[in-house]
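Reminder, nothing fancy here: chain letters follow the sequence lines and each chain counts from 1.
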Number of protein chains: 2
Amino acid sequence: MNLKELADSLNLSPTTVSRALNGYPEVREETRARVLAAAKAANYAPNSRARRLATGRAMTIGHVIPLTGRAEMVNPIFADFLIGAGEVYAREGYDLLLSMVTDGDTEGAFRQLAANGSVDGVMVQAPVADDPRIALLKELDLPFLVHGRTGDPTGYSWLDIANIRAFRRATDFLLDLGHRRIALLNGQEAFDFAQRRRRGFEEALAARGLAPLPHLMADDAMTESFGYLTASAMLDGPEPPTAFLASSVIIAIGIRRAASERGLRLGRDLSVICHDDELSYLNNDVGGPAFTATRSSIRAAGRRCAEILIELIRHPERPPIQELWDTDLTVGQSTGPCPTR
Amino acid sequence: MNLKELADSLNLSPTTVSRALNGYPEVREETRARVLAAAKAANYAPNSRARRLATGRAMTIGHVIPLTGRAEMVNPIFADFLIGAGEVYAREGYDLLLSMVTDGDTEGAFRQLAANGSVDGVMVQAPVADDPRIALLKELDLPFLVHGRTGDPTGYSWLDIANIRAFRRATDFLLDLGHRRIALLNGQEAFDFAQRRRRGFEEALAARGLAPLPHLMADDAMTESFGYLTASAMLDGPEPPTAFLASSVIIAIGIRRAASERGLRLGRDLSVICHDDELSYLNNDVGGPAFTATRSSIRAAGRRCAEILIELIRHPERPPIQELWDTDLTVGQSTGPCPTR
DNA sequence: GGGCATTTCCAAAGCGCTTTGGGTTGCGGA
DNA sequence: TCCGCAACCCAAAGCGCTTTGGAAATGCCC
């Protein structure tokens with residue numbers, strides 16, 4: 001069933017049927033009702049391919065996921081962000097095009113999307129320092145929103161959490177408990193967010209005249225095994241940390257495993273703070289928060305990012321939209337005073 | 001830059017340029033080379049919307065994710081499956097359309113996709129008993145592949161792992177170690193896979209004349225907190241289990257937390273086996289496998305599912321394709337003989 | 001060199017929708 | 001009675017591509 005057939009069956013022109021379905025005012029309400037009823041009865045839905053061609057809009061937003069080498073984007077936060085964004089897209093009538101890039105040529109993928117017009121805008125996640133994607137997308141004149149930020153953050157739209165502040169506060173919290181040998185298990189420092197977190201950590205130390213301890217700092221893909229292996233090595237090494245600051249709950253879970261193997265109880269023998277993205281399957285709140293954590297819902301971020309991106313698509317001349325979200329600090333059972341020995 | 005402009009600049013007809021770009025034989029190689037060079041120089045890419053309309057193919061595959069109430073699909077395995085499938089789609093020139101359904105009307109979403117022709121086929125994940133999606137998709141005549149299976153599995157294409165066999169084997173493994181009070185922490189038993197796993201568990205017990213213990217069986221969304229809370233309650237209750245069988249590493253991590261809080265060491269005081277989907281950020285293999293586990297890569301499943309679905313789309317008259325994958329049993333450090341007391 | 005099969009290219013007709021630029025019709029006011 | 005204005009509807013022209021059905025040019029054979 002297509003528009004013409006539907007129109008014929010109603011003794012109307014395709015024009016009128018199209019207008020009736022799309023809510024234009026030039027059609028009598030009675031006619032519109034007739035059309036809507038017939039469309040429903042015939043289970044008619046306008047062909048999206050034809051509609052996209054005719055309107056020139058793709059009604060689609062692209063997410064490009066690089067799959068190079070390490071876990072990188074293939075981490076669990078990716079799913080929750082996607083879900084949040086997808087909810088909004090569905091509500092607003094946009095499709096979500098997910099594009100995996102295996103050859104490392106993310107920029108080529110963007111060029112392709114722009115050239116063949118299959119999306120109206122794209123989401124940029126996990127920017128690295130002076131991320132080339134930003135310059136490229138400006139050049140391509142394709143609406144985009146960055147989750148995170150980098151370089152000079154004035155010329156484009158982004159949404160980010162206050163990473164420096166969060167990690168500075170978390171570090172202060174540990175320092176206030178008397179900890180001095182604090183380890184930082186960070187995400188890959190190629191990413192801007194990890195650099196900021198490190199900076200927050202170092203600033204807090206510096207404010208008390210302390211220097212970071214190189215042997216207690218590591219960064220890598222945020223996996224459980226990274227947390228486990230790194231924490232194990234640090235705990236078994238000279239000058240072991242009395243507290244850990246981790247960039248993700250996943251890492252913290254690895255740390256917990258290392259601690260538990262060594263008979264160390266969290267909150268008493270060892271303290272752990274992490275950043276909690278509030279992943280749906282790693283709820284940190286059951287029976288009181290397990291980990292003391294800085295928190296910010298990645299799913300809510302996905303939702304808001306989608307809203308902003310759609311706004312940018314609808315109003316291309318709009319000045320950039322920028323949002324900085326503060327994080328919460330929730331005190332859980334994984335932190336306590338530095339054990340004196 | 002569109003086809004006509006490109007053709008004009010080459011003094012060729014759009015027909016010829018289109019054929020040159022699409023590899024048809026009716027064009028001289030020299031001409032083809034000229035066209036390709038010009039297209040590249042002009043950074044030309046055919047408009048995908050127009051192409052889709054003209055060919056009648058969407059070159060898009062849909063994944064529909066229900067977001068009703070509980071975590072359900074919003075679990076971490078979803079991401080890895082998606083990534084695997086996405087790799088193949090990208091290689092084969094298909095787009096991946098991700099559709100979130102928030103109002104619970106998954107079937108309506110499928111109808112919509114079929115009616116407006118925005119996908120050539122869909123992936124069905126996590127089927128429940130006699131899943132209505134299967135009948136619907138047959139009726140809509142939309143190619144689809146089920147990851148998992150349910151009901152009468154002869155009339156459609158699917159890929160599944162041997163859940164019964166896996167859980168039977170895992171249970172046997174625990175029984176051989178002398179365990180008798182074995183707890184099952186399953187995924188939601190509305191899902192077919194969870195029902196099969198339970199069946200494998202019960203069959204293994206029955207084969208030794210044992211009955212399952214109702215107070216040691218639970219099923220829910222596979223979150224860390226489900227594992228933690230349920231294991232805590234069971235361990236603190238009467239007749240605590242000496243071993244756990246869990247449907248996911250995530251659940252097992254929760255069990256480990258409960259055990260560790262009670263000073264129980266895995267592999268010595270308490271045994272845990274889980275099913276491991278080989279999630280990229282929860283590698284179970286670092287420094288020897290942490291958990292004894294039945295294993296099957298969900299990402300590899302995603303890849304293979306995508307391949308099969310594309311095959312089905314290309315050859316609609318093909319008889320159903322069905323694949324049953326066996327799982328590996330990897331012995332890790334989380335299991336040991338039943339402690340005698 | 002003419003006939004015939006290839007090779008190489010093109011004009012034009014869709015694909016199914018939206019949208020522009022009118023045409024009718026009906027009604028109130030002069 | 002006629003005009004003007006809404007209200008309602010339609011024909012036709014795109015959107016940018018693919019593909020059918022030739023036509024012109026070329027090559028080959030006898």
Legend entry - Value in whole Å for how far the P atom of C/dT18 lies from CZ of A/Arg49: 14 Å
Legend entry - Given D/dC15, D/dT19, C/dC15, the nucleotide with the shortest approach to the side chain of B/Ala54: C/dC15
Inset, instruction - Please report the closest heavy-atom contact between A/Tyr94 and A/Thr60, naming both atoms and the distance. - result: CD2-N, 3.8 Å
Inset, instruction - Please state how far atom CG in A/Asn116 lies from atom C1' in D/dG16, giving the value in whole angstrom units. - result: 12 Å
Legend entry - Shortest non-hydrogen separation from B/Gly155 to B/Lys138 and the atoms involved: O-CE, 3.4 Å
Inset, instruction - Please state whether the phosphate of D/dA7, meaning OP1 or OP2, lies under 4.0 angstrom from any side-chain nitrogen or oxygen of A/Tyr24. - result: no
Legend entry - Rounded distance in Å - CE (B/Met1) to P (D/dC17): 10 Å
Inset, instruction - Over all heavy atoms of both residues, which pair between B/Ala301 and B/Leu159 is shortest? Give the atoms and the distance, please. - result: CB-CD2, 4.3 Å
Legend entry - Atom-pair distance (CE on A/Met59; P on D/dC15), nearest Å: 21 Å
Inset, instruction - Rounded to the nearest angstrom, tell me the gap between atom CG in B/Leu3 and atom C1' in D/dC17. - result: 7 Å
Inset, instruction - Take the protein atom CG of B/Asn47 and the nucleotide atom P of C/dC15, then report the distance between them rounded to whole Å. - result: 19 Å
So which protein N/O to nucleotides 7-9 of chain C N/O distances come out below 3.5 Å?
residue, atom, partner, partner atom, Å
C/dC9, OP1, B/Arg28, NH2, 3.1
C/dC9, OP1, B/Thr31, OG1, 2.9
C/dC9, OP2, B/Arg28, N, 3.0
C/dC9, OP2, B/Thr31, OG1, 3.3

Inset, instruction - May I ask you to say what B/Thr55 touches in the nucleic acid, namely base, sugar-phosphate or nothing, with a heavy-atom cut-off under 4.0 Å? - result: sugar-phosphate
Inset, instruction - Grab the NZ-C1' distance between B/Lys4 and D/dC15 for me, whole Å please. - result: 14 Å
Legend entry - Heavy-atom closest contact (B/Val128 atom, B/Pro132 atom, distance): CG2-CD, 4.5 Å
Inset, instruction - Would you please classify the geometry between the B/Phe144 ring and the B/Tyr156 ring as parallel, tilted or perpendicular, with 30° and 60° separating the classes? - result: parallel
Inset, instruction - Rounded off to whole Å, could you give me the CZ-to-P distance for the B/Arg51 and C/dC15 pair? - result: 19 Å
Legend entry - salt bridge (Lys or Arg N to Asp or Glu O under 4.0 Å): pairs with one or both residues in residues 48-68 of chain B, sequence neighbours excluded: B/Arg52-B/Asp95
Legend entry - Test: A/Arg314 and A/Glu311 ion pair at under 4.0 Å: no
Inset, instruction - Describe the nucleic acid contact of A/Thr15 in one word from base, sugar-phosphate, nothing, applying a heavy-atom distance below 4.0 Å. - result: base
Legend entry - Side-chain N or O of A/Asn22 closer than 4.0 Å to phosphate OP1/OP2 of C/dT18: yes
